[in-house]
Protein chains: 2
Amino acid sequence: MQGTGSDDERLDKAFLALADPVRRSLVARLSRSSATVNELAAPFQVSKQAISKHIQVLEKAGLITRSRDGQRRPCHLAPAALEELTSWIDGYRLAAEARFRALDRVLAATKSADHPEHE
Amino acid sequence: MQGTGSDDERLDKAFLALADPVRRSLVARLSRSSATVNELAAPFQVSKQAISKHIQVLEKAGLITRSRDGQRRPCHLAPAALEELTSWIDGYRLAAEARFRALDRVLAATKSADHPEHE
DNA sequence: TAAATGGTCAACCAACTGGTTGATAAAATA
DNA sequence: TATTTTATCAACCAGTTGGTTGACCATTTA
């Protein structure tokens, strides 16, 4: 349900893409509206080439798509790719939380056996 | 509500920690139960030292915690840290999706003005 | 056509990553 | 005490990352 490469490769690229404050800022900006490279580069101190590289990292990770508008190459956020990441994380987070809740219940049961509250 | 460092630094470390298939496997394994370094290293071909390094990356990212049990140092998943990541992603994902839905409504309205279905 | 604008390519560099091996610390066990 | 088990530290290496500058392509505009 996505571009080329194994699941692992896509997750590698996507998580790596988000492991940089500049690229996270680009994602945040693009969540408000699509934008060109120049527009995206404006708020940053680094060169336009550096932003162009960041954009390529995001694109290869599938987190953004690009279109053509004359000489401009607008960038658009790809929410489905973000959703893949939260799904991956949540699968394991929810499993761990369920396990901890089960442990809490056992501890509570043990404690109420030591110090019964009724009976 | 978390260890040292700015939000950016913590997100950097956490996303970078997940941008590696070995470390994601460790997270998956730890979502089932806590485990020691030896237990975590067993399924992999790489050296125990390499796994120890991966564990340190996860720990510095706040994704796992460690305890003492004699000479063992069991690792435990930290679901709250995972939740921080999904929250970050979902904030921007949901904003973008809402924007796209709004655009869809506009397009639908335009189309029904061109080709009115009733009246 | 000439010039300006939007964006990328290529080469280079310092810093970091993930892996290795060997030595070592620290706790359990003989 | 001597040995084994668990885990980490230190040094090193090849490959990658994020940044730079300068040249270049492609499109719009004068």
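Naming convention: chains lettered A, B, ... in sequence-line order (proteins, then strands); numbering from 1 in each chain.
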Would you tabulate the nitrogen or oxygen pairs shorter than 3.5 Å linking the protein to nucleotides 24-30 of chain C?
| from | atom 1 | to | atom 2 | distance (Å) |
| --- | --- | --- | --- | --- |
| C/dA28 | O4' | B/Gln71 | OE1 | 3.2 |

Kindly write out the residues that satisfy side chain to side chain donor-acceptor pair (under 3.5 Å) with B/Gln49, not counting sequence neighbours, or none if the list is empty.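 B/Gln49 satisfies side chain to side chain donor-acceptor pair (under 3.5 Å) with no other residue.
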Can you sort out the partners of B/Asp8 under side chain to side chain donor-acceptor pair (under 3.5 Å), two or more places apart, ordered by chain and number?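 With neighbours one apart ignored, the set is A/Arg24.
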Between [X] and [Y], is any pair of side-chain heavy atoms under 4.5 Å apart?
X: B/Asp7; Y: B/Trp88; result: no
X: B/Arg66; Y: B/Val37; result: yes
X: B/Leu85; Y: A/Leu18; result: no
X: B/Arg23; Y: B/Leu63; result: no

Run the numbers on B/Leu82 and B/Leu77 for side-chain contact (heavy atoms from CB on, under 4.5 Å), then give the verdict. CA-CA 9 Å; B/Leu82 293 177; B/Leu77 200 60; 4.0 Å; yes
Nearest whole Å is fine: how far is [N] [atom2] from [X] [atom1]?
X: A/Glu59; N: C/dG7; atom1: CD; atom2: P; answer: 13 Å
X: A/Gln56; N: C/dG7; atom1: CD; atom2: P; answer: 13 Å
X: A/Arg73; N: C/dT5; atom1: CZ; atom2: C1'; answer: 16 Å
X: B/Ile55; N: C/dG19; atom1: CD1; atom2: P; answer: 13 Å
X: A/Leu16; N: C/dC16; atom1: CG; atom2: P; answer: 15 Å
X: B/Lys53; N: C/dT17; atom1: NZ; atom2: C1'; answer: 8 Å

Given A/Leu40, which of A/Pro74, A/Cys75, A/Ser25 fulfils the side chain to side chain contact (heavy atoms under 4.5 Å, CB included) condition?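 Single pass found, and it is A/Cys75.
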Considering the options A/Val57, A/Leu30, A/Leu26, which one meets the side chain to side chain contact (heavy atoms under 4.5 Å, CB included) requirement together with A/Ile64?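 Filter result, single survivor: A/Leu30.
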Do any pairs count as a side chain to side chain donor-acceptor pair (under 3.5 Å) and have a residue in residues 68-77 of chain A, sequence neighbours left out, and if so which ones?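 Residue pairs with at least one partner in residues 68-77 of chain A: A/Ser34-A/His76, A/Ser67-A/His76.
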Which residues in residues 33-52 of chain B have at least one heavy atom lying under 4.0 Å from any atom of DNA chain D?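 The answer is B/Thr36, B/Val37, B/Asn38, B/Lys48, B/Gln49, B/Ser52.
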What is the 5' to 3' range of DNA chain D, first to last nucleotide, that sits under 4.0 Å from any heavy atom of chain B?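 It runs D/dT5 to D/dA11.
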Think B/His54 has a side-chain N or O under 4.0 angstrom from the OP1 or OP2 of C/dT17?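 Negative; the distance criterion is not met.
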Position toward the 5' end of DNA chain D (nearest nucleotide), B/Arg66 or A/Arg23: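 Its nearest nucleotide being more 5', the pick is B/Arg66.
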5' priority, DNA chain D, between A/Arg72 and A/Val22 [closest heavy atom]: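 Its nearest nucleotide being more 5', the pick is A/Val22.
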Do the side chain of A/Ser52 and the main chain of A/Lys48 share a donor and acceptor less than 3.5 angstrom apart?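 Between the backbone of A/Lys48 and the side chain of A/Ser52 there is no qualifying donor-acceptor contact (under 3.5 Å).
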